[in-house]
Amino acid sequence: MSATKKRQPWHFGNTTVRSPFRLKDGLLLISQSSLQGNLHGEEAEKAFRDLLGSAGIVELGDDDTYSVGRKWRAALTQLGFIYPLMPKSSGVNQNDLGAADTITPNGWRLIAAESVPAIQECFLRSLSAYYEDVLTESGERTGDLFSPLRHVFRLMLEIEKTSGEPYLSFLEMACVVQFSNPAQSIEETTKAILELRKQRNSADKKRVFDREARNAASEKFGYVSQTLNDYADVNFRYLKATGLVQSKGRGVVIIPEKHLFVQKLCEQDAPKVDLGELLKMLTDGAQLPTDDSVVAYQVVTDLVKRLDSRGVKTAPLHSTDQNAADLNLIRHNLEDQLFMLNEEDYGRRQASEWIEISNWLQLLSLPPNSAISLDDGERMSIPSGEAPAYFEWAIWRAFLAIDSLVSPPHKCRRFKIDQDFLPVGTAPGGGPDLIFEFEDFVIVGEVTLTTNSRQEAAEGEPVRRHVANILESYKGSKTVFGLFLANKIDSNTAETFRMGTWYSNDDQKVRLDIVPLPLLVFKQFFDEMFTTEKVDVRHFKELLNSCVAQRTLDAPLWKQKINEVAGHFFQNFNAPTSH
């Protein structure tokens with residue numbers, strides 16, 4: 001690194017905690033433990049690390065310094081979800097702010113948030129109240145503060161004036177945006193972004209250009225190339241956590257229905273307050289434009305117009321003097337309607353994206369942290385620790401692609417999704433992972449990455465209970481199948497499903513049709529239907545019926561027979577069509 005002092009990059013959150021939504025899980029653990037108010041010191045940091053590990057939120061490796069506990073505490077503090085420990089030199093009275101390491105008002109709001117939009121609003125209030133020092137080109141403080149969130153959005157809105165779209169690429173974030181601040185004019189920074197974009201568009205070898213551009217930025221700012229990528233990655237993740245942007249290729253774009261909100265957000269200036277007031281604003285959560293009734297009315301009116309343009313009529317607003325709370329209830333409802341319309345469009349696109357779905361299924365069959373290289377040079381990988389959620393999501397997408405569903409996409413999943421239709425955690429307990437309803441039958445989908453003898457203990461009773469409950473809800477009007485997917489089916493699990501019995505509360509014996517299917521067999525069945533252009537869910541129903549018919553065999557033989565039955569279907573798919 002050069003000895004010359006240079007401008008430092010800014011970034012949201014913490015590069016250790018790259019998935020913002022996981023912070024909610026960590027915060028919930030703190031609220032239920034004796035660690036609240038006690039997260040400093042070696043023993044407390046070790047206890048927090050162990051707590052995160054035992055809950056499966058982080059994977060514990062060699063961590064002699066307990067850095068996981070420290071970094072999670074730092075991330076929660078930086079975003080205002082727990083109160084920081086204030087040194088005397090700060091001039092901030094700890095009692096005036098709040099007890100160190102205890103959960104803040106915005107932290108409790110995040111814990112209580114159930115829906116994805118509610119969670120995103122907590123992150124939006126945090127990032128809206130998060131400020132950094134304005135630095136000169138040489139890295140000197142000017143004494144002013146700026147909001148990185150508003151800075152990014154002002155750049156995107158300025159880019160829109162020239163390019164027609166409020167879009168920002170990953171490379172532009174890595175090489176320009178995260179090193180910029182209001183010490184330069186928005187116009188000057190925008191010019192640098194668009195010049196980089198122009199050069200890349202004219203480059204013959206895009207990957208070579210990207211590497212050389214990162215190397216040039218690395219040399220200019222004195223940071224290694226990987227650091228630029230790491231900061232850009234975490235910045236994009238936290239931007240998406242606000243619910244105001246969505247992915248587009250290797251970049252992000254402002255969501256159309258949030259455009260007016262973003263404009264109003266950018267009109268807010270940095271506050272002229274001392275450190276104590278700034279921290280109080282962060283821990284309470286910033287005021288948003290829609291907390292004002294006039295702005296809330298404007299945003300609601302814009303959403304009504306967007307729904308109307310898509311053929312959805314809404315109840316008319318009666319006056320402009322409704323309070324902000326009432327208007328925001330209306331706003332959330334309208335946003336939900338728009339999201340469901342977008343999700344239905346997403347569902348209709350899945351058949352054309354079957355190759356991508358197949359790649360995700362392949363990834364799920366590989367060891368953790370594997371990646372697949374695509375034809376365009378990009379690499380696909382599952383975010384660390386999120387494979388269980390991606391398993392449910394990939395199977396959901398697969399059945400949306402096969403289609404013939406009589407229920408909308410959101411009724412088929414029990415896990416939450418974000419604005420990019422990516423999973424936000426796994427399905428909650430108390431019900432099946434997935435429910436696919438067709439004209440004359442229903443598939444209750446359950447998935448697991450467990451492959452050893454613990455598989456039966458963890459899945460045997462819940463899966464049977466879930467299938468039995470769905471069977472009871474249809475009261476014989478439709479055939480109900482259970483579909484259990486895993487990379488490897490343990491014979492004890494197969495035996496439990498082979499027996500397929502359940503007793504209701506009144507001791508009535510119920511027969512359950514649950515088929516344990518290896519993931520790669522499912523993937524091959526899925527691939528064969530699409531490659532042979534014989535996509536029809538009735539083929540899958542026939543497969544399930546054929547597998548159920550063979551369950552008189554002992555579990556190991558039944559597993560073998562299931563594979564053979566699937567193999568016969570593959571042969572039939574590839575057989576010449578008679579004319």
Judged by atom type as modelled, is there a donor-acceptor pair below 3.5 Å linking the side chain of [X] to the main-chain atoms of [Y]?
X	Y	result
Gln246	Val252	no
Glu459	Glu456	no
Glu533	Met529	no
Trp360	Arg397	no
Arg200	Asp210	no
Ser381	Ala371	no
Lys416	Ala427	no
Thr493	Ile489	no
Glu446	Leu434	no
Arg214	Leu228	no

query: So among Leu307, Asp302, Asn342, which one has a side chain to side chain contact (heavy atoms under 4.5 Å, CB included) with Glu257?
result: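 It is Asn342; the other options fail the test.
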query: Name the one of Val262, Ile193, Leu168 that satisfies side chain to side chain contact (heavy atoms under 4.5 Å, CB included) with Met156?
result: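 By the side chain to side chain contact (heavy atoms under 4.5 Å, CB included) criterion, Met156 pairs with just one of Val262, Ile193, Leu168: Leu168.
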What is the distance from atom [atom1] of [X] to atom [atom2] of [Y], rounded to the nearest 0.5 Å?
X	Y	atom1	atom2	result
Lys523	Leu363	NZ	CG	10.5 Å
Asn563	Phe570	CG	CZ	8.5 Å
Leu171	Phe209	CG	CZ	6.5 Å
Leu400	Ile357	CG	CD1	7.5 Å
Arg454	Asp490	CZ	CG	11.0 Å

message: Is it the case that atom NZ in Lys411 sees more than 12 heavy atoms from other parts of the structure closer than 6.0 Å?
response: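 No, the 6.0 Å shell around NZ holds no more than 12 heavy atoms from other groups.
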query: Would the number of heavy atoms belonging to other residues, nucleotides or ligands and lying under 6.0 Å from CZ of Arg207 be above 12?
result: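 No, CZ of Arg207 has 12 or fewer neighbouring heavy atoms, counting only those of other groups under 6.0 Å.
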- request: Answer yes or no: is there a side-chain heavy-atom contact under 4.5 Å between Ile417 and Val116?
  value: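 Heavy-atom side-chain distance check fails, nothing below 4.5 Å.
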message: I want to check something: taking the side chain as every heavy atom from C-beta on, are Thr479 and Phe481 in contact at a cut-off of under 4.5 Å?
response: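 SC-SC contact between Thr479 and Phe481 confirmed.
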Side-chain atoms of residues 118-127: list all donor-acceptor pairs with protein atoms under 3.5 Å, sequence neighbours left out, distances to 0.1 Å.
residue: Gln120; atom: NE2; partner: Gln419; partner atom: OE1; Å: 2.6
residue: Glu121; atom: OE2; partner: Arg125; partner atom: NH2; Å: 3.2
residue: Arg125; atom: NH1; partner: Ala286; partner atom: O; Å: 2.8
residue: Arg125; atom: NH1; partner: Asp291; partner atom: OD2; Å: 3.1
residue: Arg125; atom: NH2; partner: Asp291; partner atom: OD1; Å: 3.2
residue: Ser126; atom: OG; partner: Leu79; partner atom: O; Å: 2.8
residue: Ser126; atom: OG; partner: Asn106; partner atom: ND2; Å: 2.8
residue: Ser126; atom: OG; partner: Cys122; partner atom: O; Å: 3.2

query: How would you list, by chain and number, every residue that makes a salt bridge (Lys or Arg N to Asp or Glu O under 4.0 Å) with Arg349, sequence neighbours excluded?
result: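 With sequence neighbours excluded, Arg349 shows a salt bridge (Lys or Arg N to Asp or Glu O under 4.0 Å) to Glu353, given in chain and number order.
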message: According to salt bridge (Lys or Arg N to Asp or Glu O under 4.0 Å), who are the partners of Glu212, at least two apart in sequence or on a separate chain?
response: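 Counting only residues at least two positions away or on another chain, Glu212 forms no salt bridge (Lys or Arg N to Asp or Glu O under 4.0 Å).
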Does [X] pair with [Y] as a salt bridge, N-O distance under 4.0 Å?
X	Y	value
Asp433	Arg413	no
Glu461	Arg464	no
Arg348	Asp345	yes

field: side-chain hydrogen bond (donor to acceptor under 3.5 Å, both in side chains) between Ser365 and Asn487, worked out
entry: CA-CA 6 Å; Ser365 72; Asn487 277 317; 5.0 Å; no
All ring-ring contact (aromatic ring centres under 6.0 Å, His included) counterparts of Trp558, not counting sequence neighbours: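 Residues passing ring-ring contact (aromatic ring centres under 6.0 Å, His included) with Trp558: none at all.
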task: For His539, enumerate each residue passing the ring-ring contact (aromatic ring centres under 6.0 Å, His included) test, keeping only those at least two apart in sequence or located in another chain.
output: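 Applying ring-ring contact (aromatic ring centres under 6.0 Å, His included) to His539 gives Phe573.
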- prompt: Just by distance, with hydrogens left out, do Tyr167 and Glu160 show a side-chain donor and acceptor under 3.5 Å apart?
  reply: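 Not at all, the side chains of Tyr167 and Glu160 share no donor-acceptor pair under 3.5 Å.
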- request: Provide the full list of salt bridge (Lys or Arg N to Asp or Glu O under 4.0 Å) pairs with a residue in residues 538-567, sequence neighbours left out, each pair given once.
  value: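 Only Asp440-Lys541, Asp513-Arg551, Asp536-Arg538, Lys561-Glu564 qualify under salt bridge (Lys or Arg N to Asp or Glu O under 4.0 Å).
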field: side-chain contact (heavy atoms from CB on, under 4.5 Å) evaluation trace for Leu149 with Leu265
entry: CA-CA 9 Å; Leu149 182 70; Leu265 185 69; 4.0 Å; yes
Chi angles and distances behind the side-chain contact (heavy atoms from CB on, under 4.5 Å) call for Val424, Phe415: CA-CA 7 Å; Val424 179; Phe415 58 87; over 6 Å; no
- prompt: Given the rule in the side-chain contact (heavy atoms from CB on, under 4.5 Å) test, do Asn359 and Ile355 qualify, once you have shown the distances and angles that lead to the verdict?
  reply: CA-CA 6 Å; Asn359 284 334; Ile355 294 176; 4.2 Å; yes
Taking only residues two or more places apart in sequence, or in another chain, which ones meet [X] in a side-chain hydrogen bond (donor to acceptor under 3.5 Å, both in side chains)?
X	value
Lys71	none
Ser546	none
Lys248	Glu165
Ser373	Arg379

Examine [X] together with [Y] and report whether their ring centres are nearer than 6.0 Å.
X	Y	answer
Phe339	Phe421	yes
Phe525	Phe522	no
Phe526	Phe540	no

message: Does anything in residues 235-244 form a side-chain hydrogen bond (donor to acceptor under 3.5 Å, both in side chains)? List the pairs, not counting sequence neighbours.
response: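 Non-adjacent pairs meeting side-chain hydrogen bond (donor to acceptor under 3.5 Å, both in side chains): Gln178-Asn235, Asp233-Arg237, Lys240-Ser247.
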query: Passes side-chain contact (heavy atoms from CB on, under 4.5 Å), Trp354 versus Val535? Steps please.
result: CA-CA 11 Å; Trp354 74 268; Val535 181; over 6 Å; no
task: With sequence neighbours left out, write down each residue that passes side-chain contact (heavy atoms from CB on, under 4.5 Å) with Leu28, or none if nothing qualifies.
output: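 By the side-chain contact (heavy atoms from CB on, under 4.5 Å) rule, Leu28 matches Ser31, Gln32, Ile111.
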message: Working note: Lys478 + Glu439, criterion salt bridge (Lys or Arg N to Asp or Glu O under 4.0 Å); need CA distance, chi angles, decisive distance, verdict.
response: CA-CA 8 Å; Lys478 291 189 178 184; Glu439 186 176 347; over 6 Å; no
